[in-house]
Each structure stands twice: as structure tokens, then as C-alpha cells.
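Convention: sequence-line order gives letters A, B, ...; per-chain numbering from 1.
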Amino acid sequence: MSEHISGGKNFIQQIIEQDLAQGRFQGVHTRFPPEPNGYLHIGHAKAIVLNFSLAQQYGGKCNLRMDDTNPLTESTEYVEAIKEDVRWLGYDWEDRFYYASDYFEQLYQWAVELIKKGKAYVCDLSPEEIRQYRGTLTTPGRESPWRNRSVEENLELFERMRRGEFPEGSRTLRAKIDMAHPNLNMRDPVMYRILHAPHHRTGTKWCIYPTYDWAHGQCDSIEGITHSICTLEFENHRPLYDWFLDQLGVHHPRQIEFARLNLTYTVMSKRKLLQLVQEGHVRGWDDPRMPTLRGLRRRGYTPEAIRNFCHTIGVAKFNSTVDLALLEHCVREHLNKVAPRVMAVLRPLKLVIVNYPEDKVEYLEAINNPEDPQAGTRPVPFCRELYIEQDDFRLEPPPKYYRLAPGREVRLRYAYFVKCVEVVRDPATDQVVEVRCTYDPNTRGGAAPDGRKVKATLHWVSARHAIRAQVRLYNHLFTKPDPENVEEGKTFLDYLNPNSLEVLPECFIEPSVQGAQPGTRYQFERLGYFCVDPDSTPEKLVFNRTVSLKDTWAKVQKRLQQQSAG
RNA sequence: UGGGGCAUGGUGUAACGGUAGCACAACUGACUCUGGAUCAGUUAGUCCAGGUUCGAAUCCUGGUGCCCCAGCCA
């Protein structure tokens with residue numbers, strides 16, 4: 001696929017072009033290296049799109065690699081989910097799907113090499129002692145008493161570590177660098193730890209596992225990666241990334257760091273997302289309120305929209321927070337072009353056309369997508385009793401409200417002009433339960449031969465033909481644009497929006513959507529974009545609202561309310 | 001009180017010593033059988049203080065603010 005990246009070059013493209021021009025690298029080879037310990041979210045999408053499109057843009061390749069160096073938290077369940085999500089997003093790693101664990105043996109051999117060079121040693125300090133010896137941000141650390149073991153002893157001990165002769169946590173292999181280094185990552189970092197835990201791929205073959213620092217750069221090197229793009233928190237690790245590669249004298253990719261994505265009204269950290277799922281604040285990883293790719297997919301987002309969003313937000317090193325409205329804009333933009341239009345009434349109000357014959361049914365022609373003439377038309381049944389939206393009728397219309405009201409005439413989309421002549425109210429509650437209208441037979445199709453205009457066009461559904469559906473409306477998951485910015489004594493959970501999910505159990509939809517499969521997207525005219533949920537049954541469809549349509553009336557209304565309140 | 005980064009309208013991002021641009025948001029207006037879409041327009045920005053220069057968002061100096069680092073997580 002090819003996408004246009006408009007505007008100037010971002011700083012990564014500039015670095016790449018410089019590297020190419022100076023001959024530092026012959027081509028571009030990137031990789032997306034998730035750890036299979038959680039589901040991918042929109043922040044990962046930024047990294048995926050970045051890596052794959054950079055490769056595409058410079059005629060290179062992009063690998064998919066599972067960074068599976070910690071058997072305690074990782075599983076094949078996540079591996080499969082990640083592959084599925086990357087594929088869904090629209091990317092193809094062809095035959096270049098790798099695991100860090102593919103390289104465990106090579107990593108081990110390289111570690112032996114460093115030991116032989118006197119650049120690594122087996123350390124018997126406990127985790128607690130290592131921490132104490134490390135020093136602090138402002139004071140240097142102390143050298144481990146095991147730092148100067150002989151190469152022979154180190155070699156023997158390291159091999160015995162591998163054979164499983166020592167208990168978990170009792171020893172580590174450490175790089176011998178500089179305990180006084182101002183960058184704590186350089187104070188003899190751990191390369192291997194003993195973990196008597198089975199790995200989802202290597203089983204019980206290994207009981208020593210490489211740390212991120214020891215594994216990552218070397219994996220990049222093995223795969224011939226040229227530009228190893230990661231997030232800002234790894235900037236402090238770059239000296240170590242470079243150090244290992246330099247000691248080994250192998251192919252040396254360039255690590256480049258960029259700022260991870262933050263979005264308003266949501267949280268992005270794996271830990272917090274996991275908490276939302278585990279504590280039942282959402283229904284699962286694929287809850288349509290989650291910023292996970294599965295959640296967005298279920299919600300009705302398209303890969304195209306997400307990719308376009310990722311391009312639009314750009315890349316930089318500044319820690320920023322993107323307005324959720326931009327993501328919403330991107331889905332609307334795409335769905336506007338591709339989603340078939342359909343009429344659906346979410347909060348039904350009965351409308352009876354008093355001068356329309358009881359038994360008559362007409363089929364009116366409706367346009368499937370005004371943005372796409374190829375999409376054609378469909379017949380929509382019309383009869384005496386219809387449903388319209390409760391919002392589309394007011395007993396006492398406020399200023400600027402130009403929908404239906406007593407005595408007013410409006411157009412029923414693709415059908416007729418109707419005029420409200422009577423209102424039926426529930427004697428007990430005084431609520432309007434039915435609106436009675438007359439129709440003008442000369443306006444069939446929606447145009448008046450005498451040229452008279454109406455201010456409003458309403459969507460409607462034939463009561464006799466409508467199919468019923470449940471519709472789930474979603475709002476911001478949090479009440480605050482920055483839920484991670486918590487007040488004293490609170491957590492992000494205190495800002496959960498109690499109204500983030502609103503279920504409308506009895507909605508009416510035009511019959512053409514009958515049998516729609518999960519994942520099918522529509523525009524419900526005048527309301528928004530909706531997507532068939534997998535919870536649907538043959539008896540009852542369930543829809544998720546992806547995003548509402550832009551609603552100028554809602555804005556006007558809000559302003560009017562604020563004016564009257566203030 | 002160590003080290004590493006980053007500061008451009010409300011938000012996100014360009015401009016690489018030469019007219020501060022684009023997108024979203026907000027606000028006008030036009031058009032409209034979706035109060036949708038589309039089109040036109042408006043508001044609004046270089047963290048601060050010095051310096052170099054004919055000319056500084058850009059270079060220099062000094063501040064200020066924010067982010068990251070003391071896992072055998074990644």
C-alpha cells in the first residue's frame with residue numbers, strides 16, 4: 001500500500017536521508033518489536049505505521065519481531081493477537097517474522113565472547129545488593145566484589161548458570177563497563193538473569209534469559225536493521241546499545257527515539273489498560289471504549305482511518321497529547337466516503353400520517369452513498385405509521401430549531417412533506433407519545449412541485465417494516481482530558497466516565513440491513529457511523545456507534561442552554 | 001545537588017539564517033433532500049533575557065519549565 005506523507009520531512013526521515021547520502025547504510029530496514037505480553041493499542045499503531053511506512057518510503061523492508069526475553073509475562077496468545085492486529089492494520093512482514101528467542105544461542109555465544117574479552121563477568125550479588133552497589137543518580141556506584149574473576153572462572157560459572165546449577169536470582173552475568181558512569185545504565189548492567197521458568201517457545205531449554213539491553217541491539221544487528229526506532233524512554237539506553245555492538249564489532253544499526261502517542265480522554269499504558277480489563281471497568285480488551293486496536297476495530301474504526309491518523313499526527317521528540325477529536329475526524333473522513341447510508345431511529349416516536357391509506361405500502365428510492373455514485377440506490381418501504389427520532393419533534397420549539405413542531409411542515413427523507421396536525425400525549429405523564437401529520441401526495445420523493453421549501457429533513461423508519469436492534473452509544477472513557485494527571489489521593493480510575501456506555505435496547509432500523517454481518521459499517525443518516533457488533537444474533541442486531549456525525553444543532557443547543565443558564 | 005532529552009496558535013506538526021505554513025478544534029458565511037458532506041473565510045503561535053547578523057523560530061550565552069533514568073521489566 002502506498003500512502004502520501006504530506007508536508008516537510010520529520011526528523012527521522014532527515015536522519016535516514018543523511019545516513020543514505022553519507023553511505024552509512026545502503027538501504028533502510030526497520031522493525032516493529034513488540035513484547036508479547038499485552039494487546040496492541042493506538043500508540044503501537046503509531047510505531048507500526050512509522051516503521052512500515054519508512055521502509056516502504058525508502059524502498060526497504062520492515063520486520064515483525066516478538067521481543068520475548070521475559071518468559072514470566074509473555075505468551076503465544078499475545079503473539080497471535082499481535083500478528084492479527086498488525087495484519088488488520090494493513091501491513092505485511094512477508095517472511096520476516098522473528099522472535100528474539102530465535103537468537104538465544106547466538107546471544108549466548110556472544111556473551112561468551114565478551115567474557116573472553118574481559119568485558120563481562122558473573123556476579124554473585126543479590127538483586128538487593130546490586131541495587132545498593134549501583135549508587136544513586138548523584139553518587140557513583142561501587143564495583144562488585146566479583147568483578148575481577150578470571151576469564152576461566154567466569155566461563156565456567158556462566159556455563160553452569162546455563163545448565164541450571166544455581167537458584168533463581170543467585171547470579172547474573174554483567175557487562176564490565178563503569179560503576180561511576182553518570183548514566184546508570186552503564187554501571188555494569190545485567191545481561192543475563194536466572195529464571196527457572198518455561199518460555200512459551202523455548203520451553204525449558206533455557207533457564208537464563210537475556211535482558212532487554214543485551215538482546216535488543218544484537219537482535220537488530222542479526223536482522224540487518226539499519227534504523228532501530230524506539231520510544232523516548234530508551235534514549236538513556238542508547239550508549240549501552242552502542243557499547244555492546246561496538247564490543248562485538250558487528251553490524252551496527254542506529255537507534256532513533258521518538259515520543260510515544262498520548263491521546264486526550266484515555267490512558268495508554270499497558271498496566272492501566274490491563275487494570276481496566278481486570279477490574280471490570282470495561283468488558284474486555286476489545287471493549288469498543290478501549291484504545292486497543294481490537295477495541296477500535298470492534299468500535300468500527302477502519303485501518304485506513306487509523307493509518308491516516310498516524311500520518312497526520314507526525315513524529316517528534318516532544319511529549320505531546322493529541323486531541324481525540326483528530327482521531328474522530330480521521331474515521332469520519334474515511335467512513336464518509338465508504339459507509340453506505342441507512343435510516344435508523346434510535347429513540348423512537350410514533351408518527352402517523354392521518355391522510356395516508358391504512359394498507360398502502362410504497363417503496364421509495366434512497367441513495368446508498370451520495371459520496372459514491374457507484375453505490376447505487378435501494379428501495380425503502382413507507383407506510384402510514386412511522387417512527388421518527390424523539391429529538392426531531394418539539395412541542396415548543398426553541399429558537400433556531402427547525403425540525404417538526406405543531407403546525408410545522410418538514411420533509412421525510414426520500415418520501416413526502418408532512419405537516420404536524422395533532423399531538424397525542426400520555427394523560428399520566430403528559431409525554432408526547434404520538435405525532436399525527438398529514439402528507440402532501442405531490443411531494444413524493446421529497447420535492448415540492450410548487451417549489452416551496454422546508455427547513456428540515458428527517459430520517460424515519462416504517463413501523464411495519466422496521467427491524468429491531470440494540471444500539472450501544474459510546475462516550476469518552478474518562479471525564480477528564482488528562483486522566484493520568486491525578487489530584488492528591490486519587491487515581492485515574494476516579495475519573496472514569498460513568499456514562500461512557502449508553503445502551504439503547506429498542507431501536508428501529510430500515511429492513512435493508514437485515515442479516516448484516518458483524519463488522520459491517522453504516523452511516524445512520526443524521527446520526528453517525530455504526531458498526532454491527534459480534535454480539536448480534538439472528539433475532540436481534542447489535543450496533544456500536546463508532547462516532548457521531550458532526551452536529552451543528554447540538555452546538556447551537558448547548559450554547560443556548562449555557563446562555564439561559566448564565 | 002548527576003546524566004540524558006524536549007520547548008512554535010487551544011491541540012498536533014512544518015519552516016534548517018530570508019514573507020512563520022499545514023491539519024484538527026473554535027468561530028463566520030455560502031450551498032445542501034443528512035443541521036452530514038463540500039466550499040470560502042476569521043481568530044490564534046516561535047518559553048524568557050541578552051548577544052551575533054542587514055536579517056534569528058533557526059546560530060551563541062545565560063535562565064525558566066516539562067519529560068526520562070537508581071528492575072535480575074521492556
*Between the side chain of A:E17 and the main-chain N/O of A:Q14, is any donor-acceptor distance below 3.5 Å?*
no
*With respect to the phosphate group of B:G4, does any side-chain polar atom (N or O) of A:K317 fall under 4.0 Å of OP1 or OP2?*
no
*Does CZ in A:R378 sit with more than 12 non-hydrogen atoms of other residues, nucleotides or ligands closer than 6.0 Å?*
yes
*Under the side-chain hydrogen bond (donor to acceptor under 3.5 Å, both in side chains) rule, what do A:E510 and A:Y522 come out as? Steps first, then yes or no, please.*
CA-CA 12 Å; A:E510 64 166 74; A:Y522 295 99; over 6 Å; no
*asked:* Strictly below 4.0 Å: does A:R559 bring a side-chain N or O up to OP1 or OP2 of B:C27?
replied: yes
*Does the side chain of A:H459 get closer than 4.0 angstrom to OP1 or OP2 of B:U34 through an N or O atom?*
no
_In terms of relative ring orientation, are A:W460 and A:F382 parallel, tilted or perpendicular, with 30° and 60° separating the classes?_
perpendicular
*Distance between the P atoms of B:C66 and B:U8, in whole angstroms?*
15 Å
*A:E128 and A:S126 side chains, donor-acceptor separation under 3.5 Å*: no
Close N/O contacts between protein and nucleotides 9-12 of chain B (under 3.5 Å):
residue : atom : partner : partner atom : Å
B:U11   : O3'  : A:T321  : O            : 3.2
B:U11   : O2'  : A:T321  : O            : 3.1
B:G12   : OP1  : A:T321  : N            : 3.0
B:G12   : O3'  : A:S320  : OG           : 3.2
B:G12   : O2'  : A:I313  : O            : 2.8

_Given the structure, check if the side chain of A:R526 and the base of B:G35 hold any donor-acceptor pair shorter than 3.5 Å._
no
*Compare side-chain N and O positions of A:R193 against OP1 and OP2 of B:C73 and report whether any pair is under 4.0 Å apart.*
yes
*Over 60° means perpendicular and under 30° means parallel, so classify the ring planes of A:Y241 and A:H216, tilted if in between.*
tilted
*asked:* Tell me if B:G29 is syn or anti. Syn = glycosidic torsion within 90° of 0, anti otherwise.
replied: anti
*asked:* Would A:R142 and A:Y133 count as a cation-pi pair here, with the cationic atom under 6.0 angstrom from the ring centre and within 45° of the axis?
replied: yes
_Nearest to the A:R403 side chain among B:A25, B:U34, B:G35, which nucleotide is it?_
B:G35
*Under 4.0 angstrom between A:T552 side-chain N/O and B:G36 OP1 or OP2*: yes
*Examine B:C72: is either OP1 or OP2 under 4.0 Å from a nitrogen or oxygen in the side chain of A:R134? Give yes or no.*
yes
*How does RNA chain B read in dot-bracket, base by base from 5' to 3', with Watson-Crick or G-U pairs under 3.5 Å and | used when the partner is on another strand?*
.((((((..((((....[..)))).(((((.......)))))....(((((..]....))))))))))).....
*Between the base of B:G3 and the side chain of A:E235, is there a donor-acceptor distance below 3.5 Å?*
no
*Steps toward side-chain hydrogen bond (donor to acceptor under 3.5 Å, both in side chains) verdict (A:Q523, A:E525)*: CA-CA 6 Å; A:Q523 182 196 100; A:E525 292 221 27; over 6 Å; no
*Hey, is the side chain of A:Q14 pairing donor to acceptor with the base of B:C16 inside 3.5 Å?*
yes
_hbond_proxy A:N185 side chain to B:C69 base (donor-acceptor, 3.5 Å cutoff)_ = no
_Side-chain donor-acceptor pair present, A:Q557, A:Q561, cut-off under 3.5 Å_ = no
_P spacing across the pair B:G65 / B:C72, given as an integer number of angstrom_ = 32 Å
*Just checking, any donor-acceptor pair under 3.5 angstrom between side chains of A:Y39 and A:E77?*
yes
*What about A:H311: does its side chain form a donor-acceptor pair under 3.5 Å with the base of B:A23?*
no
_Please determine whether a side-chain nitrogen or oxygen atom of A:K270 lies at a distance below 4.0 Å from atom OP1 or OP2 of B:A74._
no
